[in-house]
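Bear in mind that the values here come from a model prediction, so they are computed numbers and not experimental data.
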Amino acid sequence: MAKLKADTLMGNIARYSISHFITKILGAVYGFIKPRMLSPELYGLWNLLNLIPTYTSYIHLGSRSAMQYIIPYNNGRDEAFKNDEIKSTVMLSTFVLNMAVALIIVITALTGKFDITVTAGLLVMVAALIMKWYQEFILSLLKAYQNFRLLTSLNYLMTLLTVSFGIALLFIWGIYGLYMSLLLTCVIVILYIRKTYPINISWQYNSSVFVDLVRKGFPIMIFNFSSILLNTFDRILISHFLDMKQVGYYSFSVTVFTFMIQIPGAAREVMEPELMYEVSSQSKEQILDDFLFKPLVTTAWYLPFMIGTLLIMIPVATPFLFPKYINGIVPAQIVILGSYFFSLSVFTRGIIISNNWQVQAVMLMAAVLVVSIILNIVGIKAGYGISGVACVSSVSCFLLFSALSTMIAIKYDIPCRIWLKRMLPLLIPFSVMCTAVFSLRYVFTHAVTNPYISVALSLIVYLALMTLLIAAAEKKYQHLKALSIMRVLHKVFPK
């Protein structure tokens, strides 16, 4: 039975992660089409406007986060009868909260002294905010009930709609086409959800249930929101101290960063409901090993394949494909390096939430955010521009992982010697990756005059080196063998 659960979990992670991977490839293609068809100023505006639905998705005050974890917890204790009231209370409460915020944004858009492009964008984001309220509520239910097959299909649907509508309408109407694409995608996704996943809402409302959910979920929500702020506040600072064109250049690097962290994020979403189900029956040591150490090791050893490949290719691919965004090459490379540590920090969340350590974690994250803001302002004032912002962003990712992992060690009362013995090996693949990438680029750039041949040779040697490194690591970390290509394909496409 334990092996069956492990296989099911691994299969869910593989299918859901690969759906993220495939859809993000399509999304990345679409993301790189936008800067080709928009000026850096409009591309920067689009990225800033998208922060509105990103930030407002946390209006639920943590009630939806608590619901996502309490439902599988109740199911694990044979108390599923409590879930109907929870679902209806969350749905009604979050609707009212979203409508209140939507009204504030509408008033701001109509009374503010914005040009027509900004005003139209704000109003579109209001409509998207309301529709995404329903989408995100359903997505939370699907994750709570571990219905990752439907989540996988929704990943594909949303990406295909966004890309197809976006490309066609962007070509016809420019940034206004992006506005229309967002609205059409939201409408069709909602119709698909209602057809494939009809939910029975009892329309019960219990204010005490909502208060209790907020009490339990608010620390989770603040924890997640703090993470989002760490990843997005740099764009706000750039728009304030520099200009919209620099936001556009920097957004080019953020697109690559977002792509990089999708697989660790998808794995976390699959694992956390399972963690909440197992937390009452497994020992703390087993939980820590299964849901922290093993995912950290797996991510640390496999992520350099993607990071190193991008680091090698970006300097040559960008001038050829995106000549207007050459100024974003160096920031992109720096931000990609930081994605390594941010991806590791993703797996600390489940342990923190399952132990109700969110408040302490938020304090640490707030400290990292404050340091990041101060360093960014100093760097921008000193003239380091978006490259300086990228450096601060990557350093913040390292500080974030260090702070959260150290907190877990202290809370679990793990001796420093033992903790360092588990954590320091995570730096080996990162160090090898950095040394190999920059050494190969230096050697082949000077040995081969053709830049494309130079990149191809660098990439071949790098991937061969990392494959040998993984083979060596499998002798110490047996669970790495589970992610061999043939095993993953078997999980995704079982006979």
*asked:* Run the side-chain hydrogen bond (donor to acceptor under 3.5 Å, both in side chains) test against Arg235 and tell me which residues pass, sequence neighbours left out.
replied: none
*Go through the structure and list residues passing side-chain contact (heavy atoms from CB on, under 4.5 Å) with Ile86, not counting sequence neighbours.*
Met67, Ile70, Asn74, Asn83, Val90, Val209, Leu213
_Strictly distance-based, threshold 3.5 Å: is any side-chain N or O of Thr298 a donor or acceptor partner for the main-chain N or O of Pro295?_
no
_Taking side-chain contact (heavy atoms from CB on, under 4.5 Å) as the definition, give me every residue that meets it alongside Leu375, ordered by chain and number, with sequence neighbours left out._
Val371, Val392
Show me the donor-acceptor pairs within less than 3.5 Å that the side chains of residues 419-428 make with the rest of the protein, sequence neighbours left out.
from	atom 1	to	atom 2	distance (Å)
Arg422	NH2	Asp289	OD1	3.3

*asked:* A quick test of your reading: do over 12 heavy atoms of other residues, nucleotides or ligands sit less than 6.0 Å from CZ of Phe438?
replied: yes
_Residue list, salt bridge (Lys or Arg N to Asp or Glu O under 4.0 Å) with Glu136, at least two apart or on another chain_ = Arg64
*When rounded to the nearest 0.5 angstrom, what distance separates CG in Leu344 from CG in Leu303?*
7.5 Å
_Any donor-acceptor N or O pair under 3.5 Å, side chains Thr232, Tyr55_ = yes
*Where the side chain of Ser394 meets the backbone of Ile334, is there a donor-acceptor pair that is under 3.5 Å apart?*
yes
*Partners meeting side-chain hydrogen bond (donor to acceptor under 3.5 Å, both in side chains) with Ser396 (sequence neighbours left out)*: Ser372
*Report yes or no: does Thr435 contribute a side-chain atom to a donor-acceptor pair with the main-chain N or O of Val432 at less than 3.5 Å?*
no
*May I ask you to decide if Gly44's main-chain N or O and Trp46's side chain share a donor-acceptor pair within less than 3.5 Å?*
no
*If you measure from OH on Tyr249 to CD1 on Ile326, what distance do you get to the nearest 0.5 Å?*
9.0 Å
*asked:* Between Ser339 and Ile336 (side chain of the first, backbone of the second, donor and acceptor by atom type, cut-off under 3.5 Å), is there such a pair?
replied: yes
